[in-house]
K.L.:
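If you scroll down you'll find the structure; I have some questions about it.
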Number of protein chains: 2
Amino acid sequence: MGTSIDSVLSAAAAAAGPAAASTPAERAGWLDAVADALDAAAAELIPLAAAETHLPESPRLKGELARTTFQLRLFGDVLRDGAFLGATVDHADPEWPMGPRPDIRRVLVPIGPTLVFAASNFPFAFSVAGGDTASALAAGCPVVLKAHPGHEELSTRTGEIVREALAAAGAPAGLFAVIHGIDDGVAALKDPRIAAAAFTGSVAGGRALFDIAVARPTPIPFYGELGSVNPVVVTPGAVAARGAAIATGYAGSFSLGAGQFCTKPGLLFLPEGHGLEEDLRAAVTGVAAQPMLNERIADGFTRRLSELSAAPGVEVLVEGGEDGPVFRPSLLTTTAKHFAQSDAAVREECFGPASLVVTYTDQAELLEVLDGLEPGLTATVQGEEDEVELVRGLLPALTKVAGRLLWNDWPTGVTVSWAQQHGGPYPATTAPTTTSVGTAAIDRFLRPVAWQGFPDALLPEALQNANPWQLPRRTDGQR
Amino acid sequence: MGTSIDSVLSAAAAAAGPAAASTPAERAGWLDAVADALDAAAAELIPLAAAETHLPESPRLKGELARTTFQLRLFGDVLRDGAFLGATVDHADPEWPMGPRPDIRRVLVPIGPTLVFAASNFPFAFSVAGGDTASALAAGCPVVLKAHPGHEELSTRTGEIVREALAAAGAPAGLFAVIHGIDDGVAALKDPRIAAAAFTGSVAGGRALFDIAVARPTPIPFYGELGSVNPVVVTPGAVAARGAAIATGYAGSFSLGAGQFCTKPGLLFLPEGHGLEEDLRAAVTGVAAQPMLNERIADGFTRRLSELSAAPGVEVLVEGGEDGPVFRPSLLTTTAKHFAQSDAAVREECFGPASLVVTYTDQAELLEVLDGLEPGLTATVQGEEDEVELVRGLLPALTKVAGRLLWNDWPTGVTVSWAQQHGGPYPATTAPTTTSVGTAAIDRFLRPVAWQGFPDALLPEALQNANPWQLPRRTDGQR
C-alpha cells in the first residue's frame, strides 16, 4: 500500500469518532454546504464532465448536477426529520410477559469509514458527490471515494470542492477524500479501517469487488448495484390502443444516453402478431447517433451486441452499430420460446444502445418466461385500465424479479424521493434488502446499538428522557 | 441432493407466492397459533429438551419455552402495528425540485424462502420455533429449518407441532419444514430456491456457511450470529463501592448455563490492585458444577481452556474443569499489557464456563486495550454515578465494538422487545446492520419494492389511496 492511500485511510479512521459525535443537524449543514459549493461551480464542472464523458452539457449534465445537489439537500431533510435514527425506548417493565424487562433503548449509529466506487455513466449523480457519498455522509460515515477512470479530472476537481466545502462548514478533517486507481481501490477495500463499501457498475467488476469484501478476515457489507435487464411487458390491449406511441417511447428510453443507463429497457415483451415492426424500425432509425462514454464501454458493447445478434433465434430488426465516433441504436427480436432456451448472451444486460423484442403467444407463455427472468432494478407494464385482471396476474412474477415496478411509463429517469427504490434481487444488487437511490439509502450505512440501564446523563441525546432532538420515537411499543 | 430435501425446497418455493399474498393480520394469526400449540405441548417438549441438552427443566427450559412463545406473539404485535412495512407514498409532483416526480410508492415484501440453521444452546428460543423462524414467518417467508444435531428428537417433534399448527391456522402448505444433517443444510444453502439464510453458532461453523452463501452464483444475505467476548469494564469507583457484589455477579453471569451463552462475559477489566482476588475465588468456587450441552462442545471448551491457560502472561485464579460428567467454572487473569500482545487464544470467545480477568493500570491503558478489542454482541460498564465523566470517555470505544451496552448489569439474559439489539460488528454477526433478537429482526427478511404510476386497483393494499390496512405511512415526506 502506498503512503498516500494509507494516510487517507488513517485520516478517515480518525474522522469516524468526530463524525459519529456530530448531530444530524450539523451533518445537514455539511451537506447543504457541499450542495451550494457544487451549484456555484457548475460553470466549471459541467464542461469538464462533458469533455471527459462525451455527454451533452444541456439538458443532460446540467440536469444531472441539479439532481446531485438536490439529493444532497434531500438528505439534509432526512437528517432534520430524524426518523432515520429509529430511536426506540423500552422502559423497565417488571410485568413484561417473558420476565422483567430492563430499561433498554436503541438507536442507529454510523457504521464507520465507507469506501465508495464511483460509476462511469453518471459523472455527478453516481460519482464523487453522488448518492452513495451523500447517504454515507448523512449517516455520519467518513467517505473514501474511488474515482472512476472515465472522468478522473472531474473527480479530482469535484473532490476538491467537496473537501473545501466540508472544511468551511466545520466538518472533521479526513471526512472525505478521493483516491484513484484500481490498485488503491482494492487495497482500501481490503483494509480493516474500511467498514462498508458501495459500488455502481458492471456485474463483472462489482462481483469481483464483492468477492474481495466478503473474503476479508472481517467481511464487510458491500452494497453493489450491478446490472439489470429491465423488462417491459406490453399487453394486447396496449398494442391495440397505442402501439405506435409505445414503439416511440421504447426507442427513446432504450437509446437515451446511448443506452448507458442501469435502467435501460433491455427487453420488450410484445404479443405475437403485434404488427409494430414498421413503427419500431421507424422509431429506432429516427434516433440520432450518440457517442459512448469511453472506448472500453464502446468495445464491450460491440462485443455483447455481436454475441446477442448471433444467438440462435435472434433476428435483427434494426442494424445500428458504430458510425465513426458515434453509435446508432440496434433493435433485435426473438420469440419467447427461443428466449426461454437461450443463454447469458440473450438473457443478461447489454450495456449500450440495443434492446431485444421478445414475442409471446399467450399469457401462459408470457408468465413462464417472466418466471425465469434474471432479476433486475425495474419491470414495466404497458397496459390498459380495462385489463386489470390480466395485469394483476403478471404482478407477482414481476415483483419477484424487480425492485421497482412501473405502469405506462419508462424505467429510465429515476426520481429521488422518499419512496424511491433502486435495487432488487441479484444481480440488480448484492444487497437486495437495500436501495442506492432515495432517502432509504441512508439505512445502508447505519448499525443499531442498544443501551441497557444507563443513567440519562450517559445516554446519547437521541435516547435521553427529555428527547432533546425532538425525534419521533417508539416508546414501550407505541408509535 | 436427496429427493426429500428437493421436495422440501420445492414446497417452500411453492409457498412463497401464497405467503407473500397473505395479510400481516393473517400471519399474526399463524404465529399465535404456533405459540398456543407449543405452550400446550410444554409437558411433552420440556422433558425432551432436558434429556437431549442436559439443561435443567426449571426454571431454565420452562422459561425458555415461555420466551419462545412470547416472541412468536410479539411478532404478531409487530404485524398488527404495520410500521414494519415502511409504507411510503410520494404523490406525483410537477414542482419537485429535481424535475417532475411521478407517483411512486414503496413497501417491503418478503425476501423469499429462508434457510434457518438452529443453535445448540437454546433448544427452543434459537432453534426450530425460535427468533429467526418467528421473524422470517412474520415477514411472510417460507422457512426451511436445519435442525441442530444436539437436539434432533426435540427438533423433529417441535417441527411437527409447528407444521400442524400452521396447517390448522390456514397457512400455505410448505411454509415450514425441518431438515436434518449438515449435507442437506449445505445443499439447501446452495440451492437457488433459497433467498436468505440465518444462523446462530460458532465462528468457524458460521463463517464456513457464510462463505458458501456469498460464493453462490446468486449470493444471498446470510445473517450469522457467530461469537462474542462480551467485555465488562469495572471502574475504580465500582470496585471501591461494591467489589464483592461485582465478583459474585460476574461469577454467576459467566457460569450461567455452563457459560454456553453468546453473551457470556468473557473479559472482566479491573483496575490494577483491585484486591478482589479472594472474592472472585470464593464466588467462582461457589458455583455448582454443571453438565455441558454435548460432548462436542465439552471437548471444544476443554481445548480452548487449555490454550488460554497456557498463553503467555495468563495465570489461573480458579482451576475448574471436568469433574466426571459435569464442569466446574475456571477463572484466569492477565494484565492489559499481556492482553494487548496476545493472540486469538486469549482474545477470542471461549464457549463454556471460563472467563478472563484483565487488570489495567490507568484509563489511558484501558482505552488502548478497548480500542483493539474484537467486536461482539455486548459491552458492559460497572461504574458509579459520580464517575460520569470517566465513563463518558469509555463509551465511544465500547460503542465501536458492541451492539448492546449495559450499565451495572450483566450481559447474559437478553430481553425480547422493540428496542433490543442482538448483533454487532463481525464476528458478532456477519450482517452488522441487523439484529437477530427483538422486533427489528423482521427487517432481515424483507426487501423493498416501489410502484410507479399504478392505478389504485393494481396497487398492493398497503399502498392504496384508502389505506385499507390503516398503516402508518410517510406521505410526500411527512410522517
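In what follows, chains carry the letters A, B, and so on, assigned in the order in which the sequence lines appear, proteins first and then strands, with residues in each chain numbered from 1.
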K.L.:
Please lay out, stage by stage, how Arg404(A) and Ile104(B) fare under the test side-chain contact (heavy atoms from CB on, under 4.5 Å).
P.N.:
CA-CA 9 Å; Arg404(A) 180 167 54 115; Ile104(B) 185 163; 4.0 Å; yes
K.L.:
Counting only non-hydrogen atoms closer than 4.5 Å, does Arg216(A) touch chain B with its backbone (N, CA, C, O), its side chain (CB onward), both, or neither?
P.N.:
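When you check distances to chain B, only backbone atoms of Arg216(A) fall under 4.5 Å.
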K.L.:
Just so I know, are the side chains of Leu74(A) and Met98(B) near enough to count as touching, which here means a heavy-atom distance under 4.5 Å?
P.N.:
no
K.L.:
Need one label for Asp409(B): side chain, backbone, both or neither, based on atoms under 4.5 Å from any heavy atom in chain A.
P.N.:
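Answer is side chain: those atoms of Asp409(B) sit under 4.5 Å from chain A.
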K.L.:
Among Val89(B), Thr88(B), Asp90(B), which has the most heavy-atom pairs under 4.5 Å with chain A?
P.N.:
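The option with the most such pairs is Asp90(B).
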K.L.:
Got a sec, which residues hit ring-ring contact (aromatic ring centres under 6.0 Å, His included) with Phe70(B), two or more places apart in sequence or on another chain?
P.N.:
Trp96(A)
K.L.:
Report which part of Ile111(A) has an atom under 4.5 Å of a heavy atom belonging to chain B: side chain, backbone, both, or neither.
P.N.:
side chain
K.L.:
Between Ala419(B), Pro411(B), Gly403(B), which residue shows the highest count of heavy-atom pairs closer than 4.5 Å to chain A?
P.N.:
Ala419(B)
K.L.:
Could I get the full list of ring-ring contact (aromatic ring centres under 6.0 Å, His included) partners for Trp407(B), not counting sequence neighbours?
P.N.:
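Partners of Trp407(B) under the ring-ring contact (aromatic ring centres under 6.0 Å, His included) test: Phe454(A).
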K.L.:
Side chain from CB out, backbone as N, CA, C, O: work out which of these in Gln420(B) comes under 4.5 Å of a heavy atom of chain A, or both, or neither.
P.N.:
both
K.L.:
Do you know which of Val416(B), Asp476(B), Thr69(B) has the most heavy-atom pairs with chain A at a distance under 4.5 angstrom?
P.N.:
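Most pairs with chain A among the choices: Val416(B).
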K.L.:
So how far is it from Glu374(B) CD to Thr218(A) OG1, rounded to the nearest 0.5 Å?
P.N.:
8.0 Å
K.L.:
Applying a criterion of heavy atom separation less than 4.5 Å, what residues of residues 392-400 of chain A form contacts with chain B?
P.N.:
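The stretch touches chain B at Arg392(A), Leu395(A), Thr399(A), Lys400(A).
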K.L.:
Is it the backbone or the side chain of Pro217(A) that comes under 4.5 Å from a heavy atom of chain B, or both, or neither?
P.N.:
backbone
K.L.:
Checking heavy atoms, do the side chain of Ala402(A), its backbone, both or neither come under 4.5 Å from chain B?
P.N.:
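Contact with chain B: backbone only.
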K.L.:
For Thr430(A), is it the side chain, the backbone, both or neither that has a heavy atom under 4.5 Å from a heavy atom of chain B?
P.N.:
neither
K.L.:
Has Arg479(B) got a side-chain atom pairing as donor or acceptor with Asp81(A)'s backbone, closer than 3.5 angstrom?
P.N.:
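Answer holds: yes.
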K.L.:
In residues 439-453 of chain A, which residues are in contact with chain B at a heavy-atom separation under 4.5 Å?
P.N.:
Ala440(A), Arg444(A), Leu446(A), Arg447(A), Pro448(A), Val449(A), Ala450(A), Trp451(A), Gln452(A), Gly453(A)
K.L.:
Who among Glu385(B), Gln71(B), Arg474(B) has the most heavy-atom pairs with chain A under 4.5 Å?
P.N.:
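The option with the most such pairs is Arg474(B).
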K.L.:
Determine the option with the most heavy-atom pairs under 4.5 angstrom with chain A, choosing from Pro97(B), Pro219(B), Pro432(B), Pro427(B).
P.N.:
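Between Pro97(B), Pro219(B), Pro432(B), Pro427(B), the count favours Pro219(B).
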K.L.:
Looking at Ala16(B), Ala215(B), Pro472(B), which one has more heavy-atom pairs under 4.5 Å with chain A than the rest?
P.N.:
Pro472(B)
K.L.:
Where on Val203(B) is there a heavy atom nearer than 4.5 Å to chain A: the side chain, the backbone, both, or neither?
P.N.:
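It is neither, since no heavy atom gets under 4.5 Å.
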K.L.:
At a 4.5 Å cut-off on heavy atoms, which part of Arg101(B) comes close to chain A: side chain, backbone, both, or neither?
P.N.:
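Backbone plus side chain of Arg101(B), per the 4.5 Å heavy-atom cut-off to chain A.
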K.L.:
Measure distances from Thr434(A) to the heavy atoms of chain B and classify the residue's part below 4.5 Å as side chain, backbone, both or neither.
P.N.:
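Backbone of Thr434(A) only, per the 4.5 Å heavy-atom cut-off to chain B.
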